[in-house]
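Order of appearance sets the numbers: ligands from 1, and atoms from 1 within every ligand. Quick caveat: nothing in here was measured; it's all calculated off a predicted structure. What you see below is based on every heavy atom in this structure, not just the backbone, and it leaves out hydrogens, waters and symmetry mates.
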Amino acid sequence: MPPAPSVLTRTEEQAPAGAADVRGRWRERFRAVRAETERRAAPLAPEDQTVQSMPDASPTKWHRAHTTWFFEQFLLLPRLAGYRVFDERFAYLFNSYYVAAGPRHARPRRGLITRPDCERVAEYRAHVDAAVERLIAGAAESDLADVVRILEIGLNHEQQHQELILTDILHAFAQNPVAPAYDPAWRAPRPRPPTAGFADVPAGLRTVGFDGAGFCFDNEGPAHRVHVAPARIGRALVRNAQWLEFIADGGYAMPSLWLSDGWAAVVAEGWTAPGYWRERDGVWLAFTLGGLATVDPDAPVAHVSYYEADAFARWAGKHLPSEAEWEVAARADLLDDAFGVVWQWTRSAYLPYPAYRAPAGAIGEYNGKFMVNQMVLRGSSHATPAGHARASYRNFFYPAARWQFSGLRLLDYDL
Ligand SMILES: [Fe+2]
């Protein structure tokens, strides 16, 4: 039996290379990721960065500080001799869910943290940035691999929060009657010209899960074999034009199409269309990062929950792919827009892979303790930082969630 994976598998810096090259490369990568967070926050005023529009969403300022705390807590405190904590109170404010790292502020109350202000958070980031660079430059040769291992987790963690900065501010701005644009020049991602129809998923015993060089999260392994039944998978993402047909056909009014919990959500939330859609004089508009825009029939549908994706698939006489079917098809290059447009719901519950064990210590809380009651999404969205996702990447959300850039593709077992 293969050993349980660590959060990190083999990484580039363990390949033969001069230590100076390794340090320089990681310093540049650290700077690039940290700068991308600031780039995403830059269009936002301090008022924008402080608001929390729902318990699931966090203020931009909190994301900027929390990702910084992650480096301070898991990299600097254990590994940089003489490191001076920037502010002892920040661990309580900016720890998200790491029980092993101590008590923390209640998640739904993050919007009440008006102090520290944005300026102080910027100082916190600068303080930690300088310390991390000192560590990269000065770590003993024998410690470098361990330093890089935690650094790489921290950078991938920060990239996940970069996507959340956009999805969370979109939700906040959507509550504002003047419908502010995060970026007036933003346009819905244009999918590739659709490849018509469905493609045969390679059937039989197939290997899924991360099995290569480079970084992966612990939840992507161990790689293992699954039996894939004969099926055909939609090459293209489901588009708004199809969703408009679903609406026009009464899709949101037919309980027979919905899971019981899904129908309860439709009734409780009053869903009649995807998240952020608004009907004005018979025309559907969508609130986007660019402000209000007419729904583009050719764009992939986004901001649908698992429940809606499941109901749509039933209405269409099709299915959602399992995560294994999705991964096998992606590896065979059968999917248009697998990455970089919208995440795609699968019908797979978020569960540990066979023989999975969470890593020891607080970092083991990163993924393992969430492996119940959520559903897996595959691919990535246009808000996902470049280079962050891969074929084995497992995103997960509760089935009612729809503030992420979540869409779907279909699967057909009628061959
Ligand atoms: Fe986090």
Side-chain angles (χ1 to χ4, degrees), residues 7-8 29-30 33-38 40-41 49-50 52-78 86-87 89-111 113 116 121 124-125 128-129 132 149-172 215-220 343 350 358-359 361-371 374 376-377 380-381 383-385 387-389 393-398 401 403-405:
V7 169
L8 265 268
R29 201 167 152 202
F30 177 73
V33 171
R34 298 286 282 170
E36 175 63 15
T37 301
E38 294 302 289
R40 291 183 183 217
Q49 294 198 31
T50 305
Q52 179 176 27
S53 55
M54 64 167 168
D56 282 342
S58 298
T60 305
K61 184 178 73 179
W62 188 91
H63 286 300
R64 293 172 62 209
H66 161 71
T67 49
T68 304
W69 166 82
F70 192 97
F71 287 112
E72 185 173 66
Q73 175 71 29
F74 297 123
L75 185 63
L76 297 176
L77 282 171
F86 181 74
D87 186 322
R89 301 168 301 179
F90 282 14
Y92 183 84
L93 294 177
F94 301 125
N95 176 359
S96 52
Y97 55 68
Y98 297 89
V99 175
R104 70 218 68 83
H105 187 61
R107 179 180 178 134
R109 299 167 68 81
R110 290 174 184 166
I113 305 173
V121 166
Y124 182 36
R125 287 182 67 88
V128 166
D129 285 350
V132 169
R149 190 158 56 235
I150 303 299
L151 180 68
E152 192 170 35
I153 296 170
L155 293 174
N156 279 273
H157 169 253
E158 182 143 351
Q159 288 183 314
Q160 292 182 319
H161 281 274
Q162 288 168 358
E163 176 146 6
L164 294 174
I165 285 174
L166 297 187
T167 57
D168 293 358
I169 201 65
L170 178 63
H171 189 269
F215 178 83
C216 75
F217 282 111
D218 59 331
N219 63 3
E220 297 170 54
W343 292 97
Y350 180 50
I363 287 289
E365 295 185 51
Y366 199 111
N367 283 309
K369 70 182 187 181
F370 299 108
M371 291 175 170
Q374 305 198 55
V376 172
L377 301 97
S380 66
S381 85
T384 311
H388 180 70
Y393 197 99
R394 306 174 79 197
N395 199 355
F396 52 93
F397 278 96
Y398 290 103
W403 91 108
Q404 296 301 303
F405 297 103

**OP:** Return the set of residues passing side chain to side chain donor-acceptor pair (under 3.5 Å) with Glu365 (not counting sequence neighbours), or none when no residue passes.
**Re:** Lys369
**OP:** Could you tell me which residues satisfy side chain to side chain donor-acceptor pair (under 3.5 Å) with Gln73, sequence neighbours excluded, listed by chain and number?
**Re:** none
**OP:** Just the protein N/O/S atoms under 2.8 Å from the Fe ion (ligand 1), please, no waters.
**Re:** His66 NE2, His157 NE2, His161 NE2
Subject >> Pairwise distance CG(Leu155) to CZ(Phe70) - rounded to 0.5 angstrom >> reply: 10.0 Å
Subject >> Which residues share a side chain to side chain contact (heavy atoms under 4.5 Å, CB included) with Tyr92, sequence neighbours left out >> reply: Pro103, His105
**OP:** Please round to the nearest 0.5 Å and tell me the distance separating atom CE of Met371 and atom CZ of Phe396.
**Re:** 7.5 Å
Original post:
Charged N to carboxylate O under 4.0 angstrom, Arg34 versus Glu38?
Top reply: no
